[in-house]
Amino acid sequence: MDQPLNVTPGRDIHLADFDPDFNDGIDREKAEQETRYHCEKLDGLAYRLFAEAKRAVVVVLQGIDTSGKDGTIRMLASGVSPQCLDVKSFKAPSSVELSHDFLWRVHTAVPPHGKIGIFNRSHYEDVVVVRVRKLVPKNVWQGRYAQINAFEKLLNEGGLTFVKCFLHISKDEQRERLADRLQDPQKQWKLGPSDLEDRRLWGDFTKAYEDALTECNTEHSPWHIVPANRKWYRNLVVARLVRQSLERLDPQFPRFDSSLLSQLE
Ligand code: AMP
Ligand code: MG
């Protein structure tokens, strides 16, 4: 069985068409082994990107609560030197952030050339939670799809590659993960009443995500729908995606000035 990670830009994305349990017939041990291999390659590629310092990458992680954004970041960060990474978590906007346009805080978080940024949530909250929670009127969030596409195009033309990952879990899986968090003293802090409320709005979140994924699935910055019910398969898919995008960039060490050799006393 095969399941694509992408949908052709312009086509509607229906999450029901994607199996969150999909694991390509691979077992956990093999998946973890392959993930480690991709991370090793990624470390070398990230170091070259850092040395080249001409382009950057942003891994956007979106998904419903408990979909595994934190775990994915732990996996990526375990493989890559911290100086090559910029991790940014987007929370509900502060009053200062709200006094600017919605992309202001995102633009300031974009990594400089040479780095891989990881966004734990992103500007997509401004067309998902903002819509579900009715924080701005419909005409405002509707206009944002085109604004996001223009923003991502601007950054892309300036040398930034987006790797946009939607971590796709099922409603049953979320129930298990929430129950686990409610019972585990080391995870309880992650939960608030709004998380349980958000679960009741599962259908609204699904619709808002489907529209955001459909409207902002562009040639230059496509969405990847990552089967995420199994954490080890999710890690494998994201590690491979990030490695592949860096391989396409093929960053190069700057040319060495050989006259330096003769200057060493
Ligand atoms: P967590 O990721 O669990 O730390 O939660 C962060 C919370 O901030 C989530 O409930 C998000 O929906 C919320 N959030 C992030 N960005 C925005 C935004 N632009 N507007 C409103 N809420 C947001
Ligand atoms: Mg949360």
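Remember, it's 1-based here, ligands and their atoms both numbered in the order they're listed. Note that the structure is predicted; figures quoted are calculated from it, not measured. Starting from 1, each residue takes its place in the sequence as its number.
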(message) Quick check against the 3.5 Å criterion: does K190 have a side-chain atom that pairs as donor or acceptor with the backbone of T66?
(response) no

(request) Could you tell me whether a side-chain N or O of Q3 sits under 3.5 Å from a main-chain N or O of D19, the two making a donor and an acceptor? (result) yes

(request) Flag the pair W223 / V60 as yes when at least one side-chain heavy-atom distance between them is below 4.5 Å, and no otherwise. (result) yes

[X] versus ligand 1: do any nitrogen or oxygen atoms come within less than 3.5 Å of each other?
| X | result |
| --- | --- |
| R121 | yes |
| D198 | no |
| A92 | yes |
| D126 | yes |

(request) Could you tell me whether ligand 1 has any atom less than 4.0 Å away from a heavy atom of S194? (result) no

Can a salt bridge be assigned to the pair [X] and [Y] using a cut-off of 4.0 Å between side-chain N and carboxylate O?
| X | Y | result |
| --- | --- | --- |
| D211 | R131 | yes |
| K187 | D180 | yes |
| E247 | K41 | no |

(request) Just go through R105, E97, R133 and tell me whose heavy atom is the nearest to atom 16 (N) of ligand 1. (result)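 Shortest heavy-atom distance from atom 16 (N) of ligand 1: R105.
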
(request) Heavy-atom contacts with V130 under 4.0 Å: which atoms of ligand 1 show up? List them by number with element. (result) 20 (N)

(request) Considering the heavy atoms of P93, write down every atom of ligand 1 situated less than 4.0 Å from one of them. (result) 17 (C), 18 (C), 19 (N), 20 (N), 21 (C)

